[in-house]
Amino acid sequence: MRSARSHRPSAPIQQLAQAARPAEPKRILAGIVAAGSGWNPPLGQPLIEALKNLDEAHRLDLGCALDAGIFELPEGADVDDLVCTDAEVGLAMFAIRLVARLNSVGTVPALDYDVYTSALTHPRSQ
């Protein structure tokens, strides 16, 4: 589960013999892929109601049910602007829209590996 308050440190990036300051991490995109949808209609009112009940920290951006199609909630849009496609183009459309959304995010911040690995190490006993 994604949290708007996640601590995601980044590190400086070396650029042409100079270091750039750490970047602010971007909002994490959230998506789901499933073989099918048990809702009737699959991308109809039950989906809309479920998405309406999510706050911004738990927002679901993209989804694909292979037997039903995809949905996409455009950045900054509310559920009334939900975009859906049919199953015949679902998986291809999901892949293209995911890449497009990742492209709009731009370059990701460099990971601060020391922070992420510090939880995996411990001092050696004397």
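In this structure, CD1 in I48 is found 12.0 Å from CG in N53, a value given to the nearest 0.5 Å. Rounding to the nearest 0.5 Å places OG1 of T121 at 9.5 Å from CG of D114. Taking CG of D61 as the reference point, atom CG of L51 lies at 10.0 Å (rounded to 0.5 Å). Rounded to the nearest 0.5 angstrom, R101 CZ and L98 CG are separated by 9.0 Å.
A heavy-atom distance below 4.5 Å is found between the side chains of C84 and L82. Proximity of T85 to R97: side-chain heavy atoms (C-beta onward) are nowhere separated by under 4.5 Å.
In terms of hydrophobic clustering, with Ile, Leu, Val, Met, Phe, Trp and Tyr side chains grouped at heavy-atom distances under 4.5 Å, L54 and V83 are assigned to different clusters.
Of the possible polar contacts, one joining the D67 side chain to the S37 backbone as a donor-acceptor pair under 3.5 Å is found. Panel note: side chain R59, backbone L73; a donor-acceptor pair is recorded below 3.5 Å. With hydrogens and angles disregarded, no donor-acceptor distance shorter than 3.5 Å links the side chain of D86 to the backbone of E88.
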Evaluation steps, side-chain contact (heavy atoms from CB on, under 4.5 Å), between E72 and M93: CA-CA 10 Å; E72 179 180 8; M93 185 69 162; 5.8 Å; no

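In terms of heavy-atom proximity, L43 sits nearest to A68 at CD1-O, 3.9 Å. Among all heavy-atom pairs drawn from N40 and P46, the shortest one is O-CG, 4.2 Å. In this structure, L60 and I32 approach most closely via the heavy-atom pair CD2-CG2, 4.0 Å. Between L102 and L29, the shortest heavy-atom contact is CD2-CD1, 3.7 Å. The two atoms that bring Y116 and L111 nearest to each other are CE1-CD2, 3.8 Å, heavy atoms only. Heavy-atom minimum distance, C64 versus F94: CB-CD1, 3.7 Å.
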